[in-house]
Amino acid sequence: EVGRIAKDWAERRPWFVRSRKAQSNQWIEPSAALVKACLFLRDRDLLPAYELGAENLAATLAALGADGSYNEGLGYADMSVGRLLEAVRLMRDSGDARLSEEPFVKRSWLWFVQMYMPGGMLVNSFDGAKAWLAEGGTTMPMASLGSAALASGDPNAISTLRYLFPQLKGNYSLEAIQLTAALEGRSEPARLATDPFAFFPAQQLLVWRSAFEPLPQAQTAWALWIRGGSESNNHCHRDQGHVSVCNRGRPVLMEAGSSDYGTKEYEGYFSAAAGHGVMQVGALQPNGEDRKS
């Protein structure tokens, strides 16, 4: 498998290699797998493959927001960013720290934390169907957030996790077990180490809540998020300019997010402005084409 992945890049077979879409999840996941496999196998003959994986991840980090935001939104970040940052952490633990100080590595955990809204709601901009936390999501962080916190090397990330998730329980996935084990013996106190608002220039995204509260407790806060648009965004729908508001975890104004790709109305409705919380005067064609603002 290591050889096949390396050959894909050498022969430029996949579209994301030919177009060098280093920020794409399709670029990230095989590159992270390449690094992890080579670290596990410890075969000196695989050093060129390991270097390819490290160079690919460096290209990804250079393409992503220095503010820690992911330009495909939370849905795709939850699939791929955890794997990216886990590979960076494993490189660091093996003595290769060349990617550990990249701005995205240091700040991604802050972006993930800011995507959590009161009452288990989530910032569901872009091509994102995930508007609510899954069952158990208030007692255990998303695997991607856990990976981001550990990769950052920032004690504030661990303190914030302890504040938001005071009792890690209810999730027996491998990632949850690894996070719980990694936190054992750590001395950071439970302390919120971020503001209740943030602006991410790479996404033109503003998030605010009246208070950050531990997720398992009853929620009392108001919150809103507003997104503009950026040339670096990927997997966008025509949701630029939407405003979402929630009160105590209940929607007041709500960004619709995305439906399943198999839904027959996906192209004609869900990817267009009409399928999102955006005011529009007159239809823009084609429906699914992004509009930057």
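Partners of D43 by salt bridge (Lys or Arg N to Asp or Glu O under 4.0 Å), not counting sequence neighbours: none found. With sequence neighbours left out, K106 forms a side chain to side chain contact (heavy atoms under 4.5 Å, CB included) with E101. For E55, the salt bridge (Lys or Arg N to Asp or Glu O under 4.0 Å) test picks out no residue, with sequence neighbours left out. Judged as a salt bridge (Lys or Arg N to Asp or Glu O under 4.0 Å), and not counting sequence neighbours, R248 has no contacts. E102 meets the salt bridge (Lys or Arg N to Asp or Glu O under 4.0 Å) test with no other residue; sequence neighbours excluded.
Contact annotation: the side chain of K36 never approaches that of R83 to less than 4.5 Å [non-hydrogen atoms, C-beta and beyond]. Here the side chains of P14 and D8 are in contact, with some heavy-atom distance below 4.5 Å.
Under the 3.5 Å distance criterion, with hydrogens and angles disregarded, no donor-acceptor pair is assigned to the side chains of W225 and Q114. At a cut-off of 3.5 Å, with distance as the only test, no side-chain donor of E86 or S147 sits close to an acceptor on the other residue. Using modelled atom types and a 3.5 Å distance limit, the side chains of Y76 and N71 yield no donor-acceptor pair. A donor-acceptor pair shorter than 3.5 Å cannot be found between the side chains of D96 and S94.
Note: L84 CG to N56 CG = 11.0 Å, rounded to the nearest 0.5 Å. R4 contributes atom CZ, which lies 9.5 Å from atom CZ of R13 (distance to the nearest 0.5 angstrom).
Formation of a donor-acceptor pair under 3.5 Å by the T139 side chain with backbone atoms of G136 is found in this model. A donor-acceptor contact shorter than 3.5 Å links the side chain of E213 to the backbone of T220. In terms of modelled atom types and a separation under 3.5 Å, the side chain of Q217 and the main chain of L215 share no donor-acceptor contact. Side chain of S108 to main chain of V105: no donor-acceptor pair is present (N/O by atom type, distance under 3.5 Å, no hydrogens or angles). Of the possible donor and acceptor atoms, one in the side chain of R209 sits under 3.5 Å from a partner among the backbone N and O of Y116. With D154 contributing its side chain and N156 its backbone, the two residues share a donor-acceptor pair below 3.5 Å.
Within a 6.0 Å radius of CZ in R42, no more than 12 heavy atoms belonging to other residues, nucleotides or ligands are found. Heavy-atom contacts from other residues, nucleotides or ligands closer than 6.0 Å to CD of E11 number more than 12. By the 6.0 Å contact criterion, CZ on R20 is open, its count of non-hydrogen atoms from other residues, nucleotides or ligands being 12 or less.
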* To do: Check the pair L205, F199 against side-chain contact (heavy atoms from CB on, under 4.5 Å), reporting the backbone distance first and the verdict last.
  => CA-CA 6 Å; L205 174 67; F199 175 65; 5.9 Å; no

* Asked: Are I158 and L150 close enough, and set up right, to give a side-chain contact (heavy atoms from CB on, under 4.5 Å), and what steps lead you there?
  -> CA-CA 8 Å; I158 305 303; L150 294 175; 4.2 Å; yes

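Checked against T160 for a side chain to side chain contact (heavy atoms under 4.5 Å, CB included), the options F212, W109, F165 give a single hit: W109. Residue F104 is tested with L61, T60, L99 for a side chain to side chain contact (heavy atoms under 4.5 Å, CB included); the sole match is L61.
Between A54 and M91, the closest heavy-atom pair is CB-CE, 3.8 Å. Closest of all the heavy-atom pairs between L34 and G53 is CD2-N, 3.7 Å. Nearest heavy atom pair, residue N25 against residue M79, reads ND2-CE, 4.3 Å. The two residues M117 and C246 make their nearest non-hydrogen contact at CB-SG, 4.5 Å.
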Tell me which donor-acceptor pairs under 3.5 Å the side chains of residues 180-190 have, and how far apart each pair is, sequence neighbours excluded?
{"unit_1": "T180", "atom_1": "OG1", "unit_2": "A176", "atom_2": "O", "d": "2.9"}
{"unit_1": "R186", "atom_1": "NE", "unit_2": "E188", "atom_2": "OE1", "d": "3.4"}
{"unit_1": "R186", "atom_1": "NE", "unit_2": "E188", "atom_2": "OE2", "d": "3.4"}
{"unit_1": "R186", "atom_1": "NH2", "unit_2": "E188", "atom_2": "OE2", "d": "2.9"}

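Taking the six-membered ring for Trp, W27 and W15 have ring centres at least 6.0 Å apart.
Salt bridge R89/D93: present, at least one basic N to carboxylate O contact under 4.0 Å.
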